[in-house]
Student: 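To start, I am sharing the structure in question, which I have written as structure tokens.
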Amino acid sequence: MKKEGLSKKERIRKNKEFAKVFKEGKKLWINSILLIIYTPNDLGYRRLGIVVSKKIKKATQRNKVKRWIRELFRRNKDWFPESCDVIIIPHPNLINLSYKELLEKVKRELLSLRSKSDFYGKGYN
RNA sequence: AGGGUUUAAGAGGUGGUUGCUCUGGGAGUUCUUUGAAAAGCUCCCAGGGAGGAAAGUCCGGGCUCCACAGGGGAGGACGCCGGGUAACACCCGGAGGGAGUAAUCCCUGGAAAGGGCCACAGAAAACAGACCACCAGCGGCCUAAGGAGUUUUUAAAAACUCCUUAGGUGCGGGCAAGGGUGAAAAGGUGGGGUAAGAGCCCACCGCACCGGAUGGUAACAUCCGGUGGCACGGUAACCCCCGUCCGGAGCAAGGCCAAAAAGAGCGCGACGGGUGCCCCGCCCAAUGCGCUCGGGUAGGCCGCUUGAGGGUAGGAGUAAUCCUACCCCCAGAGAAAUAACCACCACCUGGGUAAUUUUUUCACAAAGAUGAAAAAAUUACCCAGGUAACAGAACCCGGCUUACUUAAACCCUGCUU
RNA sequence: GCCCCCAUCGUCUAGCCAGGUCCAGGACACCGGCCUUUCACGCCGGCGACAGGGGUUCAAAUCCCCUUGGGGGCG
């Protein structure tokens, strides 16, 4: 598996899998911009799913947001908990930010959470 | 300088790093007694990877299934003429009418086949009729004057009847020229005519119909002759009539494979289904078919990209478009692929430096020249920032519409020379 | 992706098919007044809408086209 790749294996692609994460996952708000839902899997690696609401009207803007989030996840996989299915739901206001601003905010929030043991520790499983 | 109209063009480029997807090639690995092949997975190499509107889903096709799409009805679409096209509601060229000072744009079968509607206002809204006004030639009636006759009477005079003239008219009539309206009111001008008037009659113009000639493939145009005094408002994006066209559904069409599960009840020989507008016709039919309830899957493959394809050159045509030759293969995803960052070039904005030109001021007694300072314009270099807007394929094409940014040409108005 | 449907006061709706009498009617809500010691009920009055643009027509909520915003269905 590539370090900074994001192949089909590493994406959540089926309706069942999405439903499972929504049902069992823990929710985490990042600055009222992203909603991250995660639940452990037994694959040994992280998987990503993105849900963008149609409140973002234009298809081009929805695609842009998805690409940003995919880029964010791919570059910084170790910010997220190990061996987990992660779903990210962006808030419609995300469109008003630039990619750099988004990156900064998420980095600050996730790294501070990561230092706490209940997010990234053994008691997690 | 301002306003307007039309047409055309455009969607930043190159390279690199990390990553996604498809195709082709290669290597490894899993399974097996062994070997090989196929498939999956991982890695490497090479190549391709959104639009002019991909959009809205408004039209027209291809394609697939329903029977091979046949007949009738219903329903829908279109509508001047000619051409283009696979087809169109599209495009090109023309005709007639309308809007605008103009560039230019817009509209298009039939209202004497029939039905409906035309509010308010107005005399009257489609058969013509006649509210006001006008007229007094005709029949009445009223008033006045004059004349004649009869009756009463001595006479004067009175009454009645008739005639004539003049005036009048809430009567019978004449008339449609004028009339506050309205979107729309039954030709216009002049003359004759009359009681008053009027296509009532006449001249010219207009209009309708008929016949002919010329030009044009045609729509139509021009001209000549005749007939008609003129009869015939609007609305068909109301119904309708005429002509032309359309069978229905849509790639979630449709086909194949795999997996899972639990059945129960009811109906069915001219009834039901295939059929998703209806009827006919056609096809199917008993270890069959349909309906209702309940249960189980909702995975993979094909369709899926070579096509009314693109580029270049030549030819035909006013043009839309078509023909010929050569070359090219150019997205195929499926919780859905193009992003992030960097460098350079190009463009735009702001600032700085230098050079050139012009103007003003100062220095020398004055002019010129020279020097200095300030302002403006152009060019070059450097620095900083930005690189957009409209917007994302989902079977594929041809259009329309709605969006974005520029440029050019043309028209009108104003000012300067 | 494809195929349909809808849009009228703050809310629910009538009118649309067959255009005019509609500066659009009704109910609830809101505001003001009357009634009542006060509130409620009741009575009277008021405020308030045709999604936006263009066209046909003398005249459009209604007919036609475009845009916008909602809702539903499919294997």
Side-chain angles (χ1 to χ4, degrees):
Chain A
M1 192 143 319
K2 289 183 193 173
K3 218 179 200 178
E4 295 191 342
L6 191 67
S7 63
K8 278 183 181 173
K9 264 189 168 179
E10 294 176 81
R11 287 177 293 197
I12 304 173
R13 300 176 70 209
K14 298 191 178 176
N15 201 20
K16 265 189 180 173
E17 296 165 355
F18 271 87
K20 187 190 173 198
V21 177
F22 280 127
K23 199 179 171 186
E24 301 176 2
K26 294 183 179 177
K27 291 174 184 174
L28 181 68
W29 273 102
I30 308 281
N31 276 17
S32 303
I33 286 171
L34 297 180
L35 175 64
I36 299 179
I37 304 174
Y38 59 94
T39 191
N41 61 21
D42 46 6
L43 294 168
Y45 52 86
R46 304 170 182 90
R47 292 198 304 179
L48 175 70
I50 306 167
V51 176
V52 184
S53 151
K54 268 211 172 175
K55 279 178 187 170
I56 299 176
K57 290 279 162 98
K58 306 290 182 184
T60 40
Q61 294 183 321
R62 288 198 296 272
N63 279 348
K64 197 171 191 179
V65 167
K66 280 189 197 171
R67 283 166 186 159
W68 281 357
I69 292 169
R70 211 174 290 133
E71 183 73 12
L72 185 87
F73 181 83
R74 183 174 74 74
R75 293 274 187 185
N76 310 292
K77 279 182 192 168
D78 51 345
W79 294 357
F80 295 89
E82 263 183 83
S83 187
C84 262
D85 285 346
V86 179
I87 292 179
I88 299 179
I89 302 173
H91 193 268
N93 289 346
L94 185 66
I95 276 293
N96 302 325
L97 297 176
S98 70
Y99 177 72
K100 277 186 180 174
E101 289 173 304
L102 173 70
L103 192 69
E104 276 306 305
K105 288 193 178 189
V106 174
K107 185 180 180 184
R108 210 182 310 131
E109 195 79 11
L110 278 181
L111 289 184
S112 70
L113 278 171
R114 189 180 155 171
S115 60
K116 298 177 186 174
S117 58
D118 61 329
F119 178 75
Y120 188 77
K122 288 177 184 172
Y124 169 75
N125 236 353

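It should be emphasised that the depicted structure is a prediction, and the values quoted were computed from it without experimental measurement. A, B, ... follow the sequence lines: proteins, then strands. Residue 1 opens every chain.
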Student: In whole Å, measure the gap between the P atoms of B/C210 and B/G216 for me.
Tutor: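 Comparing P positions in B/C210 and B/G216 gives a spacing of 25 Å.
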Student: Any side-chain N or O of A/Trp68 under 4.0 Å from OP1/OP2 of B/A339?
Tutor: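 Negative; the distance criterion is not met.
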Student: For nucleotides B/U17 and B/C326, find the distance between their C1' atoms and express it as a whole number of Å.
Tutor: 42 Å
Student: Could you please name the partner base of B/A155, counting Watson-Crick and G-U wobble pairs only when both distances are under 3.5 Å?
Tutor: none
Student: With sequence neighbours excluded, tell me which residues meet ring pair (Phe, Tyr, Trp, His ring centres under 6.0 Å) with A/Phe18.
Tutor: none
Student: Take atom CD of A/Glu71 and atom C1' of B/U18, then tell me their distance rounded to the nearest Å.
Tutor: 8 Å
Student: Let me have a per-nucleotide readout for nucleotides 385-392 of chain B, 5' to 3', with B, S or -, counting only protein heavy atoms under 4.0 Å.
Tutor: ------BB
Student: Closer than 4.0 angstrom, basic N to acidic O: yes or no for A/Glu71 and A/Arg74?
Tutor: yes
Student: Determine the interatomic distance between C1' on B/C175 and the same-named atom on B/U143; round to the nearest Å.
Tutor: 28 Å
Student: Ignoring backbone atoms, establish whether A/Arg11 has a side-chain N or O less than 4.0 Å from OP1 or OP2 of B/G19.
Tutor: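 Checking A/Arg11 against B/G19: no side-chain N or O falls below 4.0 Å of OP1 or OP2.
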Student: Measuring only the C1' atom in each nucleotide, how far is B/A184 from B/C138? A whole number of Å is fine.
Tutor: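 Rounded to whole Å, the distance is 40 Å.
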Student: Among A/Asn63, A/Leu103, A/Ile50, A/Leu102, which residue satisfies the side-chain contact (heavy atoms from CB on, under 4.5 Å) criterion with A/Trp68?
Tutor: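 For A/Trp68, the side-chain contact (heavy atoms from CB on, under 4.5 Å) test succeeds with only one of A/Asn63, A/Leu103, A/Ile50, A/Leu102, which is A/Leu102.
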Student: Say you pick atom P in B/C106 and the same atom in B/C230; how far apart are they, in whole Å?
Tutor: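 Comparing P positions in B/C106 and B/C230 gives a spacing of 43 Å.
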Student: How far, in whole Å, is B/C390 from B/A99 if one measures between their C1' atoms?
Tutor: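 Between the two C1' atoms, the distance is 34 Å.
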Student: Kindly say if A/Arg70 contacts the phosphate of B/A337, meaning a side-chain N or O under 4.0 Å from OP1 or OP2.
Tutor: yes
Student: If we call it a pair only when both distances are under 3.5 Å in a Watson-Crick or G-U wobble match, what pairs with B/G40?
Tutor: B/U29
Student: Figure out the NZ/P separation between A/Lys66 and B/U338, and round it to whole Å.
Tutor: 11 Å
Student: Taking syn as within 90° of 0 and anti otherwise, name the glycosidic form of B/A50.
Tutor: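 B/A50: syn glycosidic orientation.
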Student: Figure out the CG/P separation between A/Leu48 and B/C20, and round it to whole Å.
Tutor: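 Rounding to the nearest Å, CG of A/Leu48 and P of B/C20 are 13 Å apart.
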Student: Measure all distances between protein nitrogen or oxygen atoms and nitrogen or oxygen atoms of nucleotides 22-26 of chain B, and list the pairs falling under 3.5 Å.
Tutor:
residue, atom, partner, partner atom, Å
B/C22, OP1, A/Lys8, NZ, 3.4

Student: Taking the P atom in each of B/G139 and B/C162, what is the distance between them to the nearest angstrom?
Tutor: 14 Å
Student: With P as the reference atom in both, quote the distance from B/C91 to B/A320 in angstrom, rounded to an integer.
Tutor: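 My reading of the P atoms in B/C91 and B/A320 gives 14 Å.
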Student: Base, sugar-phosphate, or nothing for A/Ile12, non-hydrogen atoms under 4.0 angstrom?
Tutor: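 Since only primed, P, OP1 and OP2 atoms lie under 4.0 Å of A/Ile12, the category is sugar-phosphate.
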